[in-house]
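Note sheet for the following structure.
Basis for what follows: all heavy atoms, side chains included, without hydrogens, waters or symmetry-related copies.
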Amino acid sequence: MMYSSILFALIFVFVVTALGTAVLDILFRFLGKRGYLGNLFPNVRGGIPRAIGLVPFLILSFYMLPGYNNLILFIGIFAFIDDVLGRKKSPFGIEWGQLSRGIGIIVVMAVGFMEGLGISSIFIALMVQPLNISDMQPGSTCIVTMIMSVLTILVMLIIGSPNVSELPAAYTPLLILVVCLAYSPLDFSGKIMLGEVGNHSFGVALGIAFYLIGGLWSVILFGILTVALIAFVRRNNLRVFFRQQLRLLDPTFGDYFMDVLTGGGLGDLLRKWILKDKQYDVKNPMLISLGFRRLLYNPHATHPKRYVPRNEIPRLEKRV
């Protein structure tokens, strides 16, 4: 009886998520083309609705296990504020979006401690970072979320994770998988964007699923696997980004991994606070392979380092 109830609930979740995504897409396009949505309808490929991840956020908030759903609720609220405010500067010297995201991460940590998750709540909240970086190309966050959900389900079935609130532990990653499957078709085609509200919600939801495998160490281990998977999925885009933006012409997989783990606006802000205007030259082969060039790359340095491989032959540009 319990398993049949779970099956019907998941079918209902799939239908509601798919229909809700389609309806919100139509609504956002209608309002966006008339100039009513601001940052929620960026001028990308003629205009694409942003923050359609509101639908997965709401579904996960309602159907996640009691207590754990509060973590998604709070991160989703602050993430949506991030989507709405965007890159506007605050009086504190950082963007309003970054400030909202940072507050949301701290709130999730606090709520996690109150729900009895202990230190694990810190790593669950930090899952926001890699999922945020993954959401830089159509479908990348969805494919990562679905792969990690399936892997989590398999591990739970193999090791026999205990029930939570009278539901099998596998219910949580299965819920995430169904919600992502229902949302993903339009995302894969590049017609909609999850926005911060979507990728943040999936990030925290995956963190919760990892915790249900076996506590703190499973969150850390599967968090690392998620970062590595995102680095692999986005490796081609990251290679171009490194060459054009970071002047790093021969990136390693360690650089990709470190970018997913520590990149983005908040990561660069921390580098600015910690490194000031310094730029460290990493030459040790082991550290280079581990991504320390990216970790210590400071875009706020007075003279950012340009990494040029030894076999690079400079070419003279033709003068007109």
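- Closest approach of K191 and I48 over heavy atoms only: O-CG2, 3.3 Å.
- Cluster membership check: F232 shares its hydrophobic cluster with M127, using side-chain heavy-atom separations under 4.5 Å among Ile, Leu, Val, Met, Phe, Trp and Tyr.
- By the rule that hydrophobic residues join a cluster once side-chain heavy atoms approach within less than 4.5 Å of another member, F253 and M286 end up as members of one cluster.
- In this model, a donor atom of one side chain and an acceptor atom of the other lie less than 3.5 Å apart for D255 and T252.
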Legend entry - F210/F123 under side-chain contact (heavy atoms from CB on, under 4.5 Å): CA gap, chis, key distance, verdict: CA-CA 10 Å; F210 299 160; F123 294 95; over 6 Å; no

Show me, pair by pair, the donor-acceptor contacts under 3.5 angstrom made by side chains of residues 52-61, not counting sequence neighbours?
| unit_1 | atom_1 | unit_2 | atom_2 | d |
| --- | --- | --- | --- | --- |
| S61 | OG | F57 | O | 2.7 |

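- Taking a 6.0 Å sphere around CZ of F113, one finds it holds more than 12 heavy atoms contributed by other residues, nucleotides or ligands.
- In this structure, F62 places its CZ atom where only 12 or fewer heavy-atom neighbours from other residues, nucleotides or ligands lie under 6.0 Å away.
- Geometrically, R293 does not engage Y297 in a cation-pi contact, judged by NZ or CZ lying under 6.0 Å from the ring centre and within 45° of the ring axis.
- Taken together through direct or relayed side-chain contacts under 4.5 Å among Ile, Leu, Val, Met, Phe, Trp and Tyr, Y183 and V23 form parts of separate hydrophobic clusters.
- No single ILVMFWY cluster, assembled from side-chain heavy atoms under 4.5 Å apart, contains both F28 and I26.
- Judged as a side-chain hydrogen bond (donor to acceptor under 3.5 Å, both in side chains), the pairs with a partner in residues 141-152 (not counting sequence neighbours) are, in order, S134-T141.
- Of the possible donor and acceptor atoms, none in the side chain of T262 sits under 3.5 Å from a partner among the backbone N and O of D259.
- F242 pairs by the ring pair (Phe, Tyr, Trp, His ring centres under 6.0 Å) definition with Y256, not counting sequence neighbours.
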Legend entry - Residues R50, D135; criterion salt bridge (Lys or Arg N to Asp or Glu O under 4.0 Å); working and verdict: CA-CA 12 Å; R50 181 185 176 90; D135 195 25; over 6 Å; no

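- Under a hydrophobic-cluster definition in which Ile, Leu, Val, Met, Phe, Trp and Tyr are linked whenever side-chain heavy atoms come within less than 4.5 Å, directly or via other members, I106 and V197 are assigned to different clusters.
- The line from CG of L7 to CG of L174 is 9.0 Å long, rounded to the nearest 0.5 Å.
- I75 and I105 get closest at one heavy-atom pair: CD1-N, 3.9 Å.
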